[in-house]
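Presented below is the structure to which this report refers.
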4 protein chains.
Amino acid sequence: MTEEANGAPPEKEPPRMSEKRRAQIVAAAVRLFSRKGYFQTTIEDIAREANVSKGLIYLYFKDKNDVLFYTLRFVLERIERQAPQLLERSAHPLLALRNAFRFYCAMADNHKLEMLLAYRSTMDLLPEQRLGIKVEESRNSRVFRNALEACIHSGLMRPVNTDIMTYQYMMYAHTWAIKNWAFRDQYRFEDFLAEGEKILIEPFLTESGKAKLADEVGLLDLETLRTTIRDAAED
Amino acid sequence: MTEEANGAPPEKEPPRMSEKRRAQIVAAAVRLFSRKGYFQTTIEDIAREANVSKGLIYLYFKDKNDVLFYTLRFVLERIERQAPQLLERSAHPLLALRNAFRFYCAMADNHKLEMLLAYRSTMDLLPEQRLGIKVEESRNSRVFRNALEACIHSGLMRPVNTDIMTYQYMMYAHTWAIKNWAFRDQYRFEDFLAEGEKILIEPFLTESGKAKLADEVGLLDLETLRTTIRDAAED
Amino acid sequence: MTEEANGAPPEKEPPRMSEKRRAQIVAAAVRLFSRKGYFQTTIEDIAREANVSKGLIYLYFKDKNDVLFYTLRFVLERIERQAPQLLERSAHPLLALRNAFRFYCAMADNHKLEMLLAYRSTMDLLPEQRLGIKVEESRNSRVFRNALEACIHSGLMRPVNTDIMTYQYMMYAHTWAIKNWAFRDQYRFEDFLAEGEKILIEPFLTESGKAKLADEVGLLDLETLRTTIRDAAED
Amino acid sequence: MTEEANGAPPEKEPPRMSEKRRAQIVAAAVRLFSRKGYFQTTIEDIAREANVSKGLIYLYFKDKNDVLFYTLRFVLERIERQAPQLLERSAHPLLALRNAFRFYCAMADNHKLEMLLAYRSTMDLLPEQRLGIKVEESRNSRVFRNALEACIHSGLMRPVNTDIMTYQYMMYAHTWAIKNWAFRDQYRFEDFLAEGEKILIEPFLTESGKAKLADEVGLLDLETLRTTIRDAAED
DNA sequence: AATGAATGAGAATTCATTCAT
DNA sequence: CATGAATGAATTCTCATTCAT
């Protein structure tokens with residue numbers, strides 16, 4: 001089960017078209033792991049959901065654990081991969097921050113399952129595997145931190161602990177995905193998002209920051225967010 | 001496995017002294033479940049950790065799942081049970097809020113394992129069981145909400161969404177317990193706590209609120225927190 | 001253990017060749033259940049006797065109980081399936097009756113184990129399962145009743161309660177299988193059979209019936225019975 | 001479990017009043033074993049039903065199996081013990097035979113549970129134990145055989161195989177107890193009994209036998225049977 | 001590449017039996 | 001005598017993994 005601390009495809013990167021197979025299996029695993037959790041999902045479940053045979057899975061993955069590893073990797077990658085382009089080159093850092101926040105929240109809204117999965121199952125990885133995953137997690141946070149630091153630096157926000165604030169932004173989005181059941185009936189996504197800005201952005205704005213806030217040119221609206229994310233998801 | 005939605009000991013409330021046994025088993029389960037998770041802990045593990053025989057566990061619990069149920073119940077109760085007395089009758093609501101926040105964070109610091117467990121394993125309960133647990137969860141949030149509403153009402157804080165804000169307070173504490181590994185090396189608990197106040201309380205104070213902030217009479221200091229919690233834990 | 005009152009293979013009717021497996025397991029179960037009884041036979045015993053692995057059994061049967069169900073079904077079917085053809089179209093009803101009796105007794109002689117099993121273990125079935133079995137039991141009795149009624153109707157026998165008489169015929173055969181140990185040393189099968197006719201048929205014959213009795217053309221002799229049964233058993 | 005082939009009380013015949021205890025336990029076992037069977041009845045079940053503690057049972061019985069042994073012994077004894085006195089000294093052998101038959105059938109009617117138990121569970125005894133039980137079984141049959149032989153000898157009946165005929169008489173009664181569910185709705189006990197006589201006695205009477213049949217002086221009527229049996233059962 | 005039958009180690013659960021009180 | 005807490009061997013059942021086809 002743990003011959004070599006994994007983090008690499010079973011054999012040597014299998015040819016090419018086989019990637020489709022892996023994707024097919026991973027997709028099934030995403031659905032099942034996030035719905036039922038890792039341990040309550042059997043290899044047979046995955047095979048059935050993916051419309052392949054049980055044996056096939058072992059052609060592409062070393063282990064059940066290996067399936068989890070790649071599944072998490074896939075989920076996190078998907079979440080990460082999308083932010084950069086449309087966030088970085090915003091007109092000014094406050095816009096960048098707000099867009100990042102909106103984007104990340106929209107992400108959470110669109111990919112509840114995946115987020116749930118990332119949340120639930122990271123602990124079910126073997127310790128060695130966890131390392132390979134941790135890295136990803138912080139890549140995304142950099143977007144937030146950068147925007148945040150820029151805001152502070154350019155006097156739009158007053159100084160705050162960027163580490164922790166960054167974490168708050170991300171946590172807020174996660175909350176929507178994870179505790180969704182607790183909020184769903186009281187808040188629509190828009191409301192939740194708006195409240196988030198009121199709590200985690202506005203209070204920290206300087207006067208000039210507050211001025212900029214009105215300037216919504218380039219602010220991602222919900223429609224754009226949703227389409228962008230969906231497009232990106234097709235990939 | 002689930003004839004009658006559980007929530008009661010196997011037979012009829014076993015006398016009294018047997019509570020010690022239950023406690024002994026639950027204590028072992030807390031340790032193991034929070035370290036390894038529910039599914040990776042076997043009944044035999046628990047028996048060994050609790051220094052009893054496998055069979056004994058089934059004298060006090062219907063199921064492995066039942067053990068989880070009571071274990072979570074116990075953990076949450078422990079967390080819940082302690083707040084009230086020293087929080088409710090604070091000199092003024094801002095103090096109450098700050099104390100609640102401090103207390104809850106200190107709790108997270110002192111009972112990382114338990115929080116971790118509560119977080120991880122609630123999803124492993126059967127749906128019916130989950131209900132019995134949810135109740136607990138919100139009892140605690142009421143302390144926050146009350147203090148928060150009082151602050152707003154008495155003009156110490158400006159209006160915010162109390163639902164969500166309450167959630168933020170609790171989440172912040174959880175973060176310390178759960179993502180501890182991410183912050184541990186950069187922040188001491190005191191720092192984390194101070195940052196929390198800076199981010200989740202101070203920005204929302206009115207002028208009169210800010211004035212009160214200086215007034216630290218009755219504010220729980222770290223030492224007090226730690227001893228109180230520890231004492232309470234002995235129970 | 002009993003989600004859906006069973007009566008069907010675990011998944012969806014497994015293809016075809018797998019029937020051989022089922023048969024193999026059932027055959028082992030017949031031997032063991034009838035020798036040691038249901039509860040004293042473990043799944044492992046069955047696996048060993050059938051030369052398969054423990055796990056395999058659960059691929060073909062839902063439960064240990066399910067094994068019993070199919071085993072009983074199989075046994076009863078085997079007993080049932082054979083009678084019709086050679087009994088129905090006898091020259092005259094008295095011959096039919098005598099042949100049925102002979103056949104059924106021979107059956108009991110040849111399949112002592114199975115009869116024993118059917119007798120012992122029907123009560124170990126779950127109530128729902130029992131229903132599926134009862135049906136079989138009476139199908140066979142019809143052969144007797146029909147012949148009996150025909151005899152009476154055509155004046156070969158004087159009127160008797162056909163319900164109860166039918167039962168007597170079958171019981172007599174069972175007795176040979178079940179209490180065999182009590183008679184074995186005193187009587188050979190032929191004797192037992194002859195006595196049966198003397199007690200359960202002859203006394204009820206009318207004068208014309210007695211006349212027919214001598215007419216043994218078409219009466220199944222022991223050799224024929226034994227070969228017929230054995231051949232049928234191969235199936 | 002089988003140190004010494006049992007057949008004797010655990011220690012040496014325990015004093016005296018302890019017999020009440022044994023009886024109490026055996027009575028509970030009769031009810032449970034006949035309802036659920038030996039293997040599906042736990043020692044705990046018996047203890048609960050008998051209102052004693054689990055441990056107590058092991059003070060009076062060596063084994064769970066030992067409980068079965070004594071329970072069967074008790075049941076059979078009860079069945080046996082009652083016949084003699086009122087059967088032996090009948091006016092003439094035909095009356096004796098009929099009375100025996102009636103008595104035995106009434107027995108089966110009154111003690112269905114016990115008969116069922118005797119039937120079900122004899123096979124669950126250990127081989128050594130079975131010996132101690134077999135004896136009983138035939139003691140009772142002697143009553144039948146004697147009456148039967150006397151009938152034949154005195155020309156009331158024509159010769160039949162007494163072994164087998166005896167068996168038929170007993171089997172007929174058993175049938176009522178065991179297959180009761182199959183007859184209950186169609187026949188009342190009186191009917192069943194009457195049919196039995198018609199099938200198993202009348203056809204074998206000689207002319208003089210038939211004459212005697214009308215003479216019903218001394219024939220046990222149903223009322224007498226029921227009271228006699230009930231009284232005997234109190235014992 | 002793909003299948004799915006077969007395996008067997010491992011987990012949960014039960015229950016007869018013991019024993020300290 | 002009586003209790004009932006405690007034990008652990010035995011059993012059922014699950015499921016990741018292998019492998020012949």
Side-chain angles (χ1 to χ4, degrees), chain A residues 1 14-15 17-18 20-21 39-48 51-67, chain B residues 1 10-11 14-15 17-18 20-21 39-47 50-67, chain C residues 1 10-11 14-15 17-18 20-21 39-47 50-67, chain D residues 1 14-15 17-18 20-21 39-48 51-67:
Chain A
M1 187 186 277
M17 113 95 217
S18 67
K20 206 166 64 191
R21 283 300 202 190
F39 292 107
Q40 268 155 319
T41 301
T42 70
I43 286 283
E44 180 133 352
D45 289 336
I46 300 175
R48 202 181 309 117
N51 279 313
V52 298
S53 72
K54 233 184 319 178
L56 187 68
I57 294 178
Y58 286 88
L59 249 43
Y60 293 95
F61 299 90
K62 183 162 64 65
D63 242 10
K64 186 187 172 188
N65 221 294
D66 199 42
V67 176
Chain B
M1 185 185 278
E11 289 296 283
M17 117 90 221
S18 67
K20 205 166 67 191
R21 281 301 196 197
F39 291 107
Q40 268 154 320
T41 302
T42 72
I43 285 285
E44 186 141 345
D45 290 337
I46 300 175
N51 277 312
V52 297
S53 70
K54 240 183 313 173
L56 186 70
I57 294 178
Y58 288 89
L59 250 45
Y60 293 94
F61 300 90
K62 184 161 65 64
D63 244 8
K64 187 185 171 190
N65 221 295
D66 200 40
V67 177
Chain C
M1 185 185 278
E11 290 296 286
M17 118 88 220
S18 67
K20 205 167 64 191
R21 281 299 197 197
F39 292 108
Q40 268 154 321
T41 301
T42 72
I43 285 285
E44 187 139 345
D45 290 337
I46 300 175
N51 278 315
V52 298
S53 71
K54 238 182 317 171
L56 187 70
I57 294 177
Y58 289 90
L59 250 45
Y60 293 94
F61 300 89
K62 186 161 65 62
D63 245 9
K64 187 185 169 188
N65 221 296
D66 201 40
V67 177
Chain D
M1 185 184 279
M17 113 97 218
S18 67
K20 206 166 65 192
R21 284 300 202 193
F39 291 107
Q40 268 155 321
T41 300
T42 69
I43 286 283
E44 180 133 353
D45 289 336
I46 299 174
R48 202 180 309 116
N51 279 313
V52 298
S53 72
K54 234 187 313 179
L56 187 68
I57 295 178
Y58 286 87
L59 248 44
Y60 292 94
F61 299 91
K62 183 162 64 66
D63 242 10
K64 186 187 173 188
N65 220 293
D66 198 41
V67 176

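Residue numbers start from 1 in every chain, and the chains themselves are labelled A, B, ... in the order their sequence lines are given, proteins ahead of strands.
With rounding to the nearest 0.5 angstrom, the NZ atom of B:K64 is 6.5 Å from the OG1 atom of B:T41. To the nearest 0.5 Å, atom OH of residue D:Y60 and atom NZ of residue D:K20 are 10.0 Å apart. Considering OG of A:S53 and CG of A:L56, their distance stands at 5.0 Å, rounded to 0.5 Å.
The CD atom of C:E44 sits 9 Å away from the P atom of F:dT12 (whole-angstrom rounding). As rounded to whole Å, 12 Å separates atom C1' of F:dC13 from atom CG of C:L59. Protein atom CZ of B:R21 is 17 Å distant from nucleotide atom P of F:dG4, rounded to whole Å. In this structure, C:Y58 atom OH and F:dA16 atom P are separated by 17 Å, rounded to whole Å. For B:I46 and E:dA12, the CD1 to P distance is 8 Å, given to the nearest whole Å. Counting to the nearest Å, the C1' atom of E:dT14 and the NZ atom of D:K54 are 11 Å from each other. If you measure from atom NZ of C:K20 to atom P of E:dA5, you get 13 Å, rounded to the nearest angstrom. Note: CD (B:Q40) to P (E:dG10) measures 15 Å, nearest angstrom.
Residue contacts shown for C:I43 are limited to sugar-phosphate atoms, with no base heavy atom under 4.0 Å away.
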Check the pair C:I43 / C:Y58 against side-chain contact (heavy atoms from CB on, under 4.5 Å), numbers first and verdict last.
CA-CA 10 Å; C:I43 285 285; C:Y58 289 90; 3.5 Å; yes
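Listed pair A:K64 / F:dA16 meets the phosphate criterion, a side-chain N or O lying under 4.0 Å from OP1 or OP2. The side chain of D:Y60 places an N or O atom within less than 4.0 Å of a non-bridging phosphate oxygen (OP1 or OP2) of F:dA2.
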Canonical and wobble pairing (Watson-Crick, G-U, under 3.5 Å) of DNA chain E, dot-bracket with |
.||||||||||||||||||||
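A search for side chain to side chain contact (heavy atoms under 4.5 Å, CB included) contacts involving A:T42 returns A:E44, A:D45, not counting sequence neighbours.
Comparing C:T42 and B:S53, the nucleotide of DNA chain F nearest to each residue sits closer to the 5' end for B:S53. Where D:G55 and C:L56 meet DNA chain E, the nucleotide closest to each residue was compared, and C:L56 sits on the side nearer the 5' end.
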